[in-house]
Colleague: 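Please find one structure pasted underneath; my questions will follow.
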Amino acid sequence: MEFWGAKVKAGKTLKVKPGEDCLIHISQASLGKAKKGVSALLYATIDDKKLLLGTLSQDISFDHLLFDREFELSHSLDRGSVHFTGHQRKKKKKKANESSSRMAVSFSTGKSVLQPCLESKTNLKKQKIHKEKSEEIKEMNKSIKELSEAVKTLQKILLTKADLPEEKETPKIKEEDSCCFGCEEARGNNEKTIFVKGFENLRPRHEIKNALSNFFGSCGEITRVYVPIECKNRLPLGFAFINLRKGEGNEKALELNGSYMGGKELEVTMASHRDEYYGFTDFHGCERCPMFLSHTYYPVHNPSSIKRRGIVYL
């Protein structure tokens, strides 16, 4: 048995082929130098079937993830890398008295399936086969436990050499106000505000804000990211407003028009050129919306015109 590891960069895939008569067991996956709060979906493609392995926020462990043929690893990160670790070992050769029995290992669940003997159906032989397979499973579990300890030790060594702090528990995300205009970011649109549309809007509001902050962070200092939502179901409306300090970096941000984030093409323009800057169409809101849109928050607008034919005037 030997240690196995792989690094998959953002936007890339990695094909892995086990050695002859070998099994690759993936026991753990972890993020590289990605910012905290960022999560990624992990995939494995085998026999032209793309399978979801799980969602990764810092690190994730797999108990029975085995591959006996070529497979391809990928993830949904826009930036950064995902590190996969595990081990590779030789398949156990079958004994002469069990040549007619077969044991299949599922790469998706890792469960062992004992299939019936084709030559003999006697209870004695069935018991013998079960006993031998149980011993093999115990040995495999022991190897996995030893490998997990080795991986933890290796991670501590790498963190020490890189002079990096050990990972801490991810802080819980503060629950947001259910009203579309109940957050601080709802106030702040001006002639220097950037409008963004086209991103994946089926993700939670805070995940979209983090993704947009990371994507446009290279343009300048971001002071505000506002993602409007429908109050009742809290689903994003599909567009967002971004402010850079004093508008510095707006030119770089506008150059990202037509670029891709998470596989989706973005539309980036000045917010004042869009109808959404002045009001939201097909927006139902809630009973609290008029309070947030009153003179207290928006003194230059008429609160009596807050909702008219599904349009909210900001």
Colleague: Supply the atom-to-atom distance Q88 CD to H25 NE2, rounded to the nearest 0.5 angstrom.
Modeller: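 Separation between the atoms: 13.0 Å.
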Colleague: Which class fits the ring pair F280 and F239: parallel under 30°, tilted 30 to 60°, perpendicular over 60°?
Modeller: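 Answer is perpendicular, since the angle exceeds 60°.
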Colleague: Would you give the length of the straight line joining atom CG of L244 to atom CG of N250, rounded to the nearest 0.5 angstrom?
Modeller: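 That separation rounds to 5.0 Å.
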Colleague: Find out if a path of hydrophobic residues (ILVMFWY) with successive side-chain heavy-atom gaps under 4.5 Å connects L65 to L56.
Modeller: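 They do share one cluster, since a chain of ILVMFWY contacts under 4.5 Å joins L65 to L56.
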Colleague: Could you give all pairs that pass the salt bridge (Lys or Arg N to Asp or Glu O under 4.0 Å) test and reach residues 211-229, with sequence neighbours left out?
Modeller: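 Listed by first then second residue: E221-R245.
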Colleague: Without hydrogens or angle criteria, can the side chains of T193 and N243 be said to hold a donor-acceptor pair below 3.5 Å?
Modeller: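 A donor-acceptor contact under 3.5 Å links the two side chains.
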Colleague: Please check if atom OH in Y260 has more than 12 non-hydrogen atoms from other residues, nucleotides or ligands closer than 6.0 Å.
Modeller: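 12 or below, so no.
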Colleague: Less than 4.5 Å apart, any side-chain heavy atom of L256 and any of F215?
Modeller: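 A side-chain contact under 4.5 Å exists here.
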Colleague: Just to verify, what does T55 make a side chain to side chain contact (heavy atoms under 4.5 Å, CB included) with, not counting sequence neighbours?
Modeller: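 Expected list: S39, L41.
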Colleague: If you take the centroid of each ring, where Trp contributes its six-membered ring, are F195 and Y277 closer together than 6.0 Å?
Modeller: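 Centroid distance Y277-F195: not below 6.0 Å, so no.
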Colleague: Quick one: list whatever passes salt bridge (Lys or Arg N to Asp or Glu O under 4.0 Å) with E248, sequence neighbours left out.
Modeller: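 Expected list: none.
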Colleague: Do L31 and D59 have side chains that get closer than 4.5 Å, going by heavy atoms?
Modeller: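 No, side chains not in contact.
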Colleague: Can you confirm whether more than 12 heavy atoms, excluding those of K90, are under 6.0 Å from its NZ atom?
Modeller: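 Yes - once you tally the heavy atoms of other residues, nucleotides and ligands closer than 6.0 Å, there are more than 12.
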Colleague: Crowded around K91 NZ? As in, over 12 foreign heavy atoms under 6.0 Å?
Modeller: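 Result for NZ/K91: enclosed.
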Colleague: Are F241 and R274 side-chain neighbours, meaning at least one heavy-atom pair lies under 4.5 Å?
Modeller: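 Result no, sub-4.5 Å side-chain heavy-atom pair not found.
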Colleague: Can you confirm whether D275 is buried at CG, in the sense that more than 12 heavy atoms of other residues, nucleotides or ligands lie under 6.0 Å from that atom?
Modeller: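 Counting other residues, nucleotides and ligands, CG of D275 stays at 12 neighbours or fewer.
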